[in-house]
Number of protein chains: 2
Amino acid sequence: MLNADETEAAGDSLGGSGLAARLYEDLTRAILAGTLAPGEKLSEPAIARSFGASRAPVREAIRRLQERGLVTYAVNQGARVAQPSAAEFLALLDVREAMEGMAARLAATHMEASEVATLEALVADHRGEIERNPLGAYLQDDPETDFHRRIARGSGNPILADLLCEQFYPRLRLCRRLHRTVQGRGREAWREHLRITEAIGQHDGELAEILMRRHIRAARAALQTALAAP
Amino acid sequence: MLNADETEAAGDSLGGSGLAARLYEDLTRAILAGTLAPGEKLSEPAIARSFGASRAPVREAIRRLQERGLVTYAVNQGARVAQPSAAEFLALLDVREAMEGMAARLAATHMEASEVATLEALVADHRGEIERNPLGAYLQDDPETDFHRRIARGSGNPILADLLCEQFYPRLRLCRRLHRTVQGRGREAWREHLRITEAIGQHDGELAEILMRRHIRAARAALQTALAAP
DNA sequence: TTGGCTAGAATTGTCGACACTATAAGGAAG
DNA sequence: CTTCCTTATAGTGTCGACAATTCTAGCCAA
């Protein structure tokens, strides 16, 4: 769980200075890191004790986790860390295809030159990492997600950006942790990133959307075949 | 506010039997009906008293409303009914275009014949209502939303359906209440509904998506022009 | 040994209470 | 009369406590 502090970059209506906000962040980290295993029960009193807090802020944090899909909740039975099924994973990717396609389209007409430059640099760095680590294993903060996050924010649509960054990406990380069958399509994915970046740099929203949707659909297809043949 | 009971059809992880769930539903209704005006403060003690409950479930309901975008929250300042700006309205419609486009695409390959028939019947009924009320004023439960809700559920993607039905449609209703400038494009919208339904009936997902996106983009354009020329 | 039942412990949903903060009313100074 | 400060009021964030419910462990019977 480590120290929370302000790892979260300024972005949305998350933090606040409240205790509940810190608990939310710590619990999120614990779930995504696997410290809290999928299916594990989240006992309010236990968590409260372990943080030296009372149950009220813990409850609040847990309810927010539920809202974000990281825990499941049953009345009078409390919360458990979510265990997304393969079907849920696939469903998530369908929605992601739609939303990130739109994000890429908007980013193409909204991102400024400096932002595009940052994105290009990111892709360049990403290439280096792939050469060093060809397996394409998923890192803690994988550059893949960084790329997509940057585009989401670059769309200039705060609703879209928050949905993607706060709701979808954490949930996706949890899905990937559970269904490891799919391995990163390192080089291909990188090439697709490059082309998406080009389209955005040329302010070609239509193309950017098509490429982004293809990119995500390819990942989804890879997952689907990996699931079909164990 | 009327009686809450079980207006919500079975669909998602909403209700539960808890008091907080009932409060959430009642507050949602109050906000969408205008009983609680946009910008109005939501005082936890006041609401708790008016419902004969304590603050705990009220807090929970309010936090959920915040998560769904119906109220804004400031630390140590409490909640106020959201006042979506025109920009937010437009941003919401961009995301909606992406998500409903995907919903229509999926519905085309997922809806069964009986569901399609229901959809067709809905559109037929809708026509009657338009003839009777050509202004296309927004009704309490407007058939427009019913149509879109049915497609969202028909997508067979629970994540997408819940996002649309629970998060987007209420928020959209609030937006429409605030920015009345846009009037329903009754007949045109109906014709578009008809064509979308046809595409779904023919299991043409690609076409259904295109038509749905056009449909929503047209509504967005109408809003934009209405905003530009007051 | 296995299955179902019962008593106990633990947990959840809700409540009332208290410090700290923000807001609003009222008075003093200019 | 306006502006700033003071003070009272109301509200939020958090806490500990209790009833109702659920899970668990142990016992009894087959």
Side-chain angles (χ1 to χ4, degrees), chain A residues 4-6 8 12-28 30-31 36-68 70-83, chain B residues 4-6 8 12-28 30-31 36-68 70-83:
Chain A
D5 221 13
E6 295 304 334
E8 199 73 35
D12 70 310
S13 59
L14 257 183
S17 60
L19 183 54
R22 184 192 311 258
L23 280 171
Y24 169 74
E25 290 177 17
D26 285 348
L27 288 177
T28 301
I31 291 174
L36 293 171
E40 189 174 341
K41 179 120 204 299
L42 290 185
S43 163
E44 293 175 7
I47 295 174
R49 272 191 301 273
S50 89
F51 279 89
S54 92
R55 278 179 52 212
V58 174
R59 265 183 87 80
E60 193 169 316
I62 290 182
R63 293 316 274 255
R64 191 142 76 176
L65 287 171
Q66 177 203 4
E67 211 67 33
R68 306 283 223 263
L70 291 183
V71 309
T72 59
Y73 215 91
V75 186
N76 278 325
Q77 289 181 12
R80 314 190 84 91
V81 178
Q83 268 181 316
Chain B
D5 221 15
E6 296 304 332
E8 200 74 34
D12 70 310
S13 59
L14 256 183
S17 61
L19 182 55
R22 184 193 310 259
L23 281 171
Y24 169 74
E25 290 176 17
D26 284 348
L27 288 177
T28 301
I31 290 174
L36 293 170
E40 190 174 342
K41 180 127 202 304
L42 291 184
S43 163
E44 294 174 7
I47 295 174
R49 271 192 301 273
S50 89
F51 280 90
S54 93
R55 277 179 54 212
V58 174
R59 265 182 87 80
E60 194 169 315
I62 290 182
R63 292 315 271 256
R64 193 141 78 178
L65 288 171
Q66 177 203 4
E67 212 64 33
R68 306 273 162 100
L70 291 183
V71 308
T72 59
Y73 215 91
V75 187
N76 280 326
Q77 289 181 7
R80 314 190 85 91
V81 178
Q83 268 181 316

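No hydrogens, no waters, no symmetry mates; every other heavy atom, side chains included, goes into these values. Here is how names work: the chains are called A, B, and so on, in the same order as the sequence lines, proteins then strands, and each is numbered from 1.
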Trainee: Shorter than 3.5 Å, N or O on both sides, protein versus nucleotides 9-13 of chain C: list them out with atom names.
Mentor:
| from | atom 1 | to | atom 2 | distance (Å) |
| --- | --- | --- | --- | --- |
| C:dT12 | OP1 | A:K41 | NZ | 3.1 |
| C:dT12 | OP2 | A:E44 | N | 3.4 |
| C:dG13 | OP1 | A:N76 | N | 3.2 |
| C:dG13 | OP2 | A:R59 | NH1 | 2.8 |
| C:dG13 | OP2 | A:R59 | NH2 | 3.2 |
| C:dG13 | OP2 | A:Y73 | OH | 3.0 |
| C:dG13 | N7 | A:R55 | NH2 | 2.8 |
| C:dG13 | O6 | A:R55 | NH1 | 2.9 |

Trainee: Between atom CD of B:E44 and atom CZ of B:R59, what is the distance when rounded to the nearest 0.5 Å?
Mentor: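 That separation rounds to 4.5 Å.
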Trainee: Using 0.5 Å steps for rounding, measure from the CG atom of B:L70 to the CD1 atom of B:I62.
Mentor: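 Those atoms lie 12.0 Å apart.
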Trainee: Does the side chain of B:F51 come within less than 4.5 Å of B:L23's, by heavy atoms?
Mentor: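 With C-beta onward as the side chain, the pair touches.
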Trainee: Any side-chain heavy atom of A:E67 sitting closer than 4.5 Å to one from B:R68?
Mentor: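 In short, these two side chains touch, coming nearer than 4.5 Å.
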Trainee: Closest approach of B:A20 and B:E60, non-hydrogen atoms and distance?
Mentor: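 In terms of heavy atoms, the two residues are closest at CB-OE2, 3.7 Å.
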Trainee: My understanding is that only residues two or more places apart in sequence, or in another chain, count here; which of them pass side chain to side chain donor-acceptor pair (under 3.5 Å) with A:R80?
Mentor: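 Partners of A:R80 under the side chain to side chain donor-acceptor pair (under 3.5 Å) test: none.
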Trainee: Please report the interatomic distance CD1(B:I47) to CG(B:L36), rounded to the nearest 0.5 Å.
Mentor: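 It is 6.5 Å, given to the nearest 0.5 Å.
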Trainee: Can you measure B:F51 atom CZ to C:dC15 atom P for me and round it to whole angstrom units?
Mentor: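 Roughly 13 Å, once rounded to whole Å.
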Trainee: Expressed as a whole number of angstroms, how long is the span from A:R80:CZ to D:dT22:P?
Mentor: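 In whole Å, D:dT22 P lies 15 Å from A:R80 CZ.
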Trainee: If every non-hydrogen atom of A:P38 is compared with every non-hydrogen atom of A:A82, which pair is closest and at what distance?
Mentor: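 A:P38 and A:A82 have their closest heavy atoms at CB-O, 3.6 Å.
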Trainee: Can you give me the dot-bracket string for DNA chain C, 5' to 3', counting Watson-Crick and G-U wobble pairs with both distances under 3.5 Å, using [ ] for crossing pairs and | for partners on another strand?
Mentor: ||||||||||||||||||||||||||||||
